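So you know, we letter chains A, B, ... as the sequences are listed, proteins then strands, and number each from 1. Keep in mind that what you see is a predicted model, and the values were worked out from it rather than measured.
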Protein chains: 2
Amino acid sequence: MEEMNFQPNLVAKNLVSKTTGSICVVLPQISEESFSNSFYIEMIRGIVKQARDSGYDVIISSGANETEEKEAVSRLLRGRQVDGAILLCSRKEDAVVEFLKTGGYPFVLVGRSNQYDDILSVQTNNVTAAYDATRHLISMGHTRIGFISGPRELIVSADRLEGYRNAMRESELRVCPDWVLEGQVLRDSGYRAMSAYMSLSERPTALVVVDDLISFGLLRSLKELGYRVPDDLALVSFNNIQLVELSSPPISSIDMDMYFQGYTASQILIRSLKLPGNRSSEMHKQIVPHRLIVRESSVKARI
Amino acid sequence: MEEMNFQPNLVAKNLVSKTTGSICVVLPQISEESFSNSFYIEMIRGIVKQARDSGYDVIISSGANETEEKEAVSRLLRGRQVDGAILLCSRKEDAVVEFLKTGGYPFVLVGRSNQYDDILSVQTNNVTAAYDATRHLISMGHTRIGFISGPRELIVSADRLEGYRNAMRESELRVCPDWVLEGQVLRDSGYRAMSAYMSLSERPTALVVVDDLISFGLLRSLKELGYRVPDDLALVSFNNIQLVELSSPPISSIDMDMYFQGYTASQILIRSLKLPGNRSSEMHKQIVPHRLIVRESSVKARI
DNA sequence: CTGTTAGCGCATTCAG
DNA sequence: CTGAATGCGCTAACAG
């Protein structure tokens with residue numbers, strides 16, 4: 001105890017305590033193209049805040065593909081560099097989830113897994129969220145409602161599509177296959193795709209869109225094509241990024257509270273880490289409520 | 001060497017090698033309010049990519065204020081948990097910079113320091129960038145050009161203001177004090193502030209705006225007030241976020257290549273870490289070129 | 001060239 | 001209750 005302000009060597013401390021005081025979060029590459037960028041920074045802020053408050057550090061991990069992601073997180077976990085992991089995104093038959101689950105590593109998934117039901121996770125009910133979005137459009141008098149989807153391998157895409165179908169079925173509305181589009185098409189050639197879409201003999205009068213970013217692109221293409229929102233086409237999308245209220249018209253969107261999802265994921269993980277038994281195999285699914293923010297893009301009548 | 005696939009304990013390895021193979025990046029809180037969110041995730045992606053390729057891990061650090069940030073990075077560095085740090089944002093008389101510099105820790109600043117000139121840094125020339133933006137507006141025939149600034153304590157705000165003033169002075173154009181506004185005002189009450197602004201007896205016909213996000217807000221307020229962009233007011237802003245080309249009209253913006261800035265910062269830091277002498281006190285300033293992307297918000301004549 | 005040992009900086013344990 | 005020894009898992013220097 002030489003001088004007063006003395007900082008112990010954390011590495012040595014970690015070695016003896018067999019705990020690192022760190023968690024890693026896997027920053028996905030796949031959804032980078034299709035989902036809003038600000039999406040993840042919000043989650044990360046939430047994770048870092050909570051981890052910091054709990055005395056944990058956060059390591060950002062990533063990989064160009066599923067295999068690289070798995071190897072990165074494996075090195076960290078097996079090398080005892082981190083105590084647990086947070087996955088920000090879930091794919092169908094996700095190799096990273098499988099690795100973490102079968103390896104018995106502590107981890108939390110932000111999203112749903114289609115492989116295991118007994119894992120720690122924080123998620124919004126995407127089926128219900130899409131159902132709500134669709135119901136809202138139906139309540140505004142729409143009967144021909146389309147759906148713009150995200151990458152097929154993401155579970156969130158499938159869930160939202162299901163919620164949309166549920167709402168349509170419940171109201172006995174027809175879903176024309178032509179009405180369901182993958183968002184990627186729009187990013188590649190928004191104008192052309194939208195032109196074709198709006199020329200359908202029986203075109204939709206409203207759209208449920210899987211991410212706000214795509215809505216921005218749609219808005220732009222529609223304006224160029226001379227269509228008006230919401231009069232010619234009403235829009236509701238997901239994630240409620242900061243900018244949706246500044247677009248013209250402002251976009252109706254379902255808020256998922258990304259910061260809180262990150263905060264909660266971190267909380268669940270660290271709590272499980274601190275449990276003596278470390279019974280992470282126990283089922284623990286935390287549902288974060290969503291809420292629809294109605295703005296002009298889905299409301300015809302001006303007040 | 002029991003089994004074939006064996007992962008050594010990195011903590012023990014680090015302890016003996018006296019090197020951690022990790023760097024930390026300080027995620028600033030201050031600019032969260034005034035600058036685009038997607039801004040930082042881009043930098044982080046660049047940092048993580050380069051660090052990963054160099055065999056380094058990235059720890060995200062943050063704090064609610066300058067002091068907390070300093071303590072967080074201090075704990076990491078003095079506790080030998082990381083080998084160096086990257087600062088994503090520079091304030092005037094920045095306490096974190098001062099701590100790192102006087103402590104002799106390896107670090108790279110993304111941005112300019114007003115305290116030290118002999119530190120590792122990667123930056124865009126914000127003075128020139130703002131000069132270019134202003135010159136562009138002047139070349140479009142504008143003479144009454146205003147400026148919307150960011151937080152005063154950020155060096156980037158001051159530099160851009162200076163570049164704007166330089167261009168105006170060079171062209172012998174007057175800068176009316178009423179024309180220079182702090183962005184925060186607009187976020188608090190965009191409509192009201194903009195209404196007052198446009199009612200000035202001698203109001204500007206063009207604006208240089210410190211961040212794209214503020215431009216979005218301006219666009220919204222102006223539309224509500226019945227003004228047209230670029231006819232009533234032309235706009236150029238900074239950072240060139242993904243969404244500027246999807247707004248209506250698309251916003252002219254100066255691209256700063258955030259991903260590359262992050263990538264470069266990581267590269268400089270890790271290179272200095274690997275140097276035997278670790279002569280980080282050597283001056284090394286990397287300037288990342290910017291470029292103006294002209295879009296409709298600053299061009300009156302339709303082609 | 002292969003196998004053994006010392007020590008990295010702590011925390012925990014045991015002895016004084 | 002305070003102080004010295006042991007070991008965390010690895011790498012390095014060392015001896016066989």
* Using 4.0 Å as the upper bound for N to carboxylate O, is an ion pair formed by A:Asp117 and A:Lys285? -> yes
* Asked: Taking all atoms of both residues into account, what is the closest heavy-atom pair of B:Arg152 and B:Lys92, and its distance?
  -> O-NZ, 3.3 Å
* **Any A:His284 side-chain heavy atom under 4.5 Å of A:Ser272 side chain** => no
* **Between C1' of C:dG9 and CD of B:Gln81, the distance in whole Å** => 14 Å
* Asked: Rounded to the Å, how far apart are A:Lys18 NZ and C:dA11 P?
  -> 16 Å
* Asked: B:Ile23 and B:Leu273: which non-hydrogen atoms are nearest, and at how many Å?
  -> CG2-CD2, 4.0 Å
* Kindly check if the number of other-residue, nucleotide or ligand heavy atoms within 6.0 Å of CZ (B:Arg52) is above 12? => yes
* Asked: Between D:dT6 and C:dT5, how far is it from one C1' atom to the other, in whole Å?
  -> 16 Å
* Asked: How far does the P atom of C:dG3 sit from the matching atom of D:dG9, given to the nearest Å?
  -> 22 Å
* Could you state the CG-P distance from A:Asn14 to C:dC8, rounded to the nearest angstrom? -> 18 Å
* In whole angstrom, what separates A:Lys13's NZ from C:dT12's C1'? -> 14 Å
* Structure fact -> In the 5' to 3' direction, the nucleotides of DNA chain D bounding the stretch that comes under 4.0 Å of a heavy atom in chain A are D:dG7 to D:dG9
* Asked: B:Asn9 CG to C:dC8 P: how many Å, rounded?
  -> 18 Å
* Please indicate whether A:Arg112 has more than 12 foreign heavy atoms, meaning atoms of other residues, nucleotides or ligands, lying under 6.0 Å from its CZ. => yes
* Asked: When you measure from the side chain of A:Ser266 to the backbone N and O of A:Gly262, does any donor-acceptor pair fall under 3.5 Å?
  -> no
* Any donor-acceptor pair under 3.5 Å linking the side chain of B:Asp159 with the backbone of B:Val127? -> no
* Give the stems involving DNA chain C, where a stem is 3 or more consecutive Watson-Crick or G-U wobble pairs (i with j, i+1 with j-1, and so on) under 3.5 Å. => C:6-16 with D:1-11
